[in-house]
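Worksheet: one structure, shown below.
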Amino acid sequence: MAETEHRPTNFIRQIIDGDLASGLHNTVKTRFPPEPNGFLHIGHAKSICLNFGIAQDYTGTCNLRFDDTNPAKEDISFVNAIKEDVSWLGFAWDGEERYSSNYFDQLHGYAVELIEKGLAYVDFSTQEEMREMRGTLKAPGTNSPYRDTDIDTNKREFEKMTAGEYDEGQCCLRAKIDMASSFMCMRDPVIYRVKHAHHHQTGDKWCVYPMYDFTHCISDAIEGISHSLCTLEFQDNRRLYDWVIENISIECTPRQYEFSRLNLEYTVLSKRRLIQLVEENHVEGWDDPRMPTIAGLRRRGYTPGSIREFCTRIGVTKMDNMVEMSMLEACIRDDLNVNAPRAMAVLDPIKLVIENLPEGESITIEAPNHPNDESMGTRTLSFGREIWIEAEDFRESANKKFKRLVLDKEVRLRNAFVVKALRAEKDANDKVTTVYCSYDPDTLGKDPADGRKVKGVIHWVDGATGAPAQFRLYDRLFNVPNPAAEESFTDAINPASLEVKEGWVEPGLDNRIPKIGAWQFERTGYFCLDKHSTSDALVFNRTVGLRDTWAKIEG
RNA sequence: UGGGGUAUAGCCAAGUUGGUAAGGCAGCGGGUUUUGAUCCCGCCAUUCGUAGGUUCGAGUCCUGCUACCCCAGCCA
């Protein structure tokens, strides 16, 4: 990360400060542990910024570890996508990426250790039987008939499990803890299950795979993680995390701390639902610009810095939250406002004919790339007899609040001349197609000499040199603030979340793509080129519109 | 009385030993402006889920309520 961003404190940093002050730790080691079963989303960005941000600020390290204990749901394509997204966000993990599957041999050894200590047993109960014996939230469970199997038998049975002598579901290895515990996860949790599945990292070496609760704490300990940060739903699991570490022969005792996961209005942030959106083709894919995935936000035009800034603005607490989309939008606007060069594009064109400018004649105009930043330089535009302007910027009549082009009135063409509308031509549907006007040649870069005040400014694209382009405008993917709370969240999908427009942009844009990857099309919003754009067929994604107080007045 | 958590403005969120409610987003006024943008300036919690208690003084301490979230996968 190039620049150091100021990060406010939070309860986890205060815990770390205390651990450093007390000497409990000398260095801080964190980890970001995604399961490679889908793409990363903005909620993961919160965790990434937390874990990597802490490592940076405390001059510690942060590992990237794929929590790959369930080969049935995972795929190598997701590990590649995740690595790309973390890097793109601007973070570097310590050394090579890790995999929980790197530790399968050690994990297996610790499982045997528990068996030898009489703290784990192989259970042949069916899943339904196990569920019944688990009890309920208020009633204690009952012991499995296999709970007191002798150690040698358990060792032998676990070896047979490992050797592939049992089918999936036939048996599993359980930790012997307490069937009456008020923590459901402590009622003899399953720590190994049979799974005859090919694993993207270990191939066909294993047919038994460790469960999350058994794997995560040990992986943390093996890697020497000092602070293991996860989300609130794992608070109960912390008891099991600590139990495993205490009952196996491992020196490192990492501590788990939980923070609340991010919820964003008008979208969903659960892997399960995002997978469904992709698999049922409600969106184009994981990187659909309407998706809250890192890949989707990237394609939409969000910058890494804007996402990091969002994560610092939302903070880290244990409170359930629902963040407004305006918070995210403010972050990208703040970034692009200062870093995106300006350009002009007309999304819904009508023709403006300048009658006192002869056909074939063209005036060269030098326009600043940024009104508040001269260092961004200028560009050359040509201004000819036929110009494209936005349909909504012309009205045959209007009151004085409408500061745009009106018949018999004047308006400034951005970066160019003052023009006066003379008459309009309409089609069969009474829609204006062409406006005829005259321009004042003495108004380039200055106000009219006679003191006339022209309040409005509208943008335009030269008809002779402008390039045709498609503009893809995105709206929220869902019609309700919290789609996850719906009976069927897909029923709440906004059918108008994508609007496609065909218009014009000033020439040469794709030959001078700015470093930030985006432009501000003045008066309309921030745009970037879509991955499907070609020099013959330009396609722009609107990242976010400009703040629009006029729309508020009108609406 | 299963257990684990959380309650500060429309949203996010500071508030560490009790000393008189940061900041951001949104919103609302006003100024500048060749983007109805940006920028600037101002406003926006007599009150911290609620009822009591302790105290000269409570968002912070104590007690009782209430609301919401999580836990009964061989998912993570």
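Letters go in sequence order (proteins before strands), and every chain restarts at 1.
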### Message
Does the structure show a Watson-Crick or G-U wobble partner for B:U33, both distances under 3.5 Å? Name it, or say none.
### Response
none
### Task
Indicate, with a heavy-atom threshold strictly under 4.0 Å, whether A:E329 touches base, sugar-phosphate, or nothing.
nothing
### Query
Between the side chains of A:Y99 and A:D67, is a donor N or O closer than 3.5 angstrom to an acceptor N or O?
no
### Query
A:R414 near the nucleic acid: base, sugar-phosphate alone, or nothing, with a heavy-atom cut-off under 4.0 Å?
base
### Task
Just call it for A:T549: base, sugar-phosphate, or nothing, with non-hydrogen atoms closer than 4.0 Å on any strand.
sugar-phosphate
### Query
Below 4.5 Å, heavy atoms only, C-beta onward: do A:M130 and A:R174 meet side chain to side chain?
yes
### Summary
Its 5'-most and 3'-most nucleotides having an atom under 4.0 Å from a non-hydrogen atom of chain A, RNA chain B is contacted over B:G2 to B:A76
### Task
Using the closest heavy atom to pick a nucleotide of RNA chain B for each, name whichever of A:S260 or A:R412 lands nearer the 5' end.
A:S260
### Comparing A:D67 and A:H370 on RNA chain B - which has the more 5′ nearest nucleotide
A:H370
### Message
Taking B:A22 as the reference, what is the distance to B:A67 when you measure between their P atoms (whole Å, please)?
### Response
32 Å
### Task
Name the nucleic acid region contacted by A:F234, choosing base, sugar-phosphate or nothing; use a 4.0 angstrom heavy-atom cut-off, strictly under.
base
### Message
Can you tell me which residue among A:W504, A:Y526, A:F471 is in a ring-ring contact (aromatic ring centres under 6.0 Å, His included) with A:F540?
### Response
A:F471
### Task
Select base, sugar-phosphate, or nothing to describe what A:Y212 touches, counting heavy atoms under 4.0 Å on all strands.
base
### Query
What nucleic acid atoms does A:R239 come within less than 4.0 Å of, heavy atoms only: base, sugar-phosphate, or nothing?
sugar-phosphate
### Task
Give me the ring orientation class for A:H41 and A:H44: parallel if the planes are under 30° apart, tilted from 30 to 60°, perpendicular past 60°.
tilted
### Task
Using Watson-Crick or G-U wobble geometry with both distances below 3.5 Å, tell me the partner of B:A76, or none.
none
### Task
Pick base, sugar-phosphate or nothing for A:S125, based on heavy-atom distances below 4.0 Å to the nucleic acid.
base
### Task
Evaluate the ring planes of A:F158 and A:H108, with Trp represented by its six-membered ring, and classify them as parallel (under 30°), tilted (30 to 60°) or perpendicular (over 60°).
parallel
### Task
Supply the atom-to-atom distance A:F32 CZ to A:N63 CG, rounded to the nearest 0.5 angstrom.
12.5 Å
### Task
Could you tell me whether A:Q127 contacts a base, only the sugar-phosphate backbone, or nothing, with contacts defined as non-hydrogen atoms closer than 4.0 Å?
base
### Query
Between B:G27 and B:U46, how far is it from one C1' atom to the other, in whole Å?
22 Å
#### Entry: Opposite nucleotide pairing with B:U6, Watson-Crick or G-U, both atom distances under 3.5 Å
B:A67
### Message
Which residues pass the ring-ring contact (aromatic ring centres under 6.0 Å, His included) test with A:H199, not counting sequence neighbours?
### Response
A:F104, A:Y209
### Task
Determine the contact category for A:L137: base if any of its heavy atoms lies under 4.0 Å from a base atom, sugar-phosphate if only primed atoms, P, OP1 or OP2 are that close, otherwise nothing.
base
